[in-house]
Amino acid sequence: MADAVPPRGSWTFLTSHARVLLALARDPEARLREVASTCVLTERSVQSIVADLEQEGYLTRVREGRRNHYRITPGAKFRHPAEADRDIAGLLALFAETPPTTTTGASHGEESP
C-alpha cells in the first residue's frame with residue numbers, strides 16, 4: 001500500500017504529522033527512509049516532522065546502538081483547540097495496531113462464530 005499515491009488535488013483526513021506518528025507507533029525502530037516510503041513523503045519531510053513531534057513532546061528519540069528507537073507519548077494532547085482536551089492515545093489505539101480481520105459472512109453487528 002506504500003506505493004499508492006493519492007490522486008493530485010485529493011485530500012485526506014489525516015495529516016502527514018499524524019501518519020508519521022502512527023508509522024512510528026507501529027514500528028518504533030523503523031528507519032526514517034522506511035517511514036517516508038510508508039507515508040508517501042520525502043525523507044527530508046519525515047525528518048522535519050519527527051523534529052516537530054519531538055520538540056512538542058509527542059515522541060522521544062532514543063539512540064540504541066546505531067539505530068534510533070522512538071517512544072510515543074500517548075498522554076500528549078492534540079494541538080487544535082477543538083480537540084485540545086483529548087490525548088492522542090485514542091488515535092493511536094484506532095490506527096496504530098493492525099486492523100482486525102473480518103469474518104466472511106458476518107454482517108454488521110453480528111458476532112462471528
Side-chain angles (χ1 to χ4, degrees):
M1 192 143 126
D3 295 334
V5 178
R8 186 175 200 99
S10 67
W11 59 273
T12 62
F13 280 103
L14 297 178
T15 66
S16 296
H17 281 67
R19 281 196 190 87
V20 169
L21 184 70
L22 292 169
L24 291 173
R26 287 183 195 114
D27 185 2
E29 296 179 359
R31 295 177 191 261
L32 295 187
R33 178 179 319 120
E34 297 163 354
V35 173
S37 176
T38 299
C39 297
V40 192
L41 297 167
T42 65
E43 191 172 346
R44 188 175 198 102
S45 294
V46 171
Q47 289 169 348
S48 176
I49 289 169
V50 167
D52 288 346
L53 294 170
E54 189 174 22
Q55 181 179 2
E56 295 296 322
Y58 289 95
L59 62 82
T60 305
R61 184 183 343 208
V62 178
R63 191 78 172 163
E64 293 181 357
R66 297 177 60 192
R67 305 274 310 256
N68 286 323
H69 181 88
Y70 299 92
R71 293 188 183 140
I72 308 299
T73 309
K77 302 290 185 189
F78 283 98
R79 292 176 45 122
H80 193 278
E83 297 90 28
D85 61 331
R86 304 197 71 167
D87 60 35
I88 63 168
L91 177 74
L92 295 172
L94 184 61
F95 286 103
E97 296 190 19
T98 306
T101 56
T102 57
T103 305
T104 309
S107 63
H108 186 75
E110 266 187 274
E111 288 185 27
S112 54

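Throughout, residue positions are numbered sequentially from 1 according to the sequence presented.
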Any residue meeting side-chain hydrogen bond (donor to acceptor under 3.5 Å, both in side chains) with Ser16, in chain and number order, not counting sequence neighbours: none
Side chain to side chain, Gln55 and Leu53, heavy atoms closer than 4.5 Å: no
Derivation and outcome, side-chain contact (heavy atoms from CB on, under 4.5 Å), residues Val50 and Leu24: CA-CA 9 Å; Val50 167; Leu24 291 173; 3.9 Å; yes
Common cluster, Leu14/Leu41, ILVMFWY with side-chain heavy-atom separation under 4.5 Å: yes
Approximate separation, where rounding is to 0.5 Å, of [X] [atom1] and [Y] [atom2]:
{"X": "Leu59", "Y": "Ile49", "atom1": "CG", "atom2": "CD1", "answer": "11.0 Å"}
{"X": "His17", "Y": "Ser48", "atom1": "NE2", "atom2": "OG", "answer": "6.5 Å"}
{"X": "Glu34", "Y": "Leu32", "atom1": "CD", "atom2": "CG", "answer": "9.0 Å"}

Option from Leu21, Leu22, Val46 for which side-chain contact (heavy atoms from CB on, under 4.5 Å) with Val35 holds: Val46
Side-chain donor-acceptor pair present, Thr12, Arg19, cut-off under 3.5 Å: yes
Within 6.0 angstrom of Arg33 CZ, more than 12 heavy atoms from elsewhere: no
List, one per line, each side-chain donor-acceptor pair under 3.5 Å for residues 68-80, sequence neighbours excluded.
from, atom 1, to, atom 2, distance (Å)
Asn68, OD1, Arg63, NH1, 3.3
Thr73, OG1, Gly57, O, 3.1
His80, ND1, Ala82, N, 3.0

Partners meeting salt bridge (charged side-chain N to carboxylate O under 4.0 Å, His left out) with Glu54 (sequence neighbours left out): Arg61
Exercise: identify the closest heavy-atom pair between Arg67 and Ala30: NH2-C, 4.2 Å
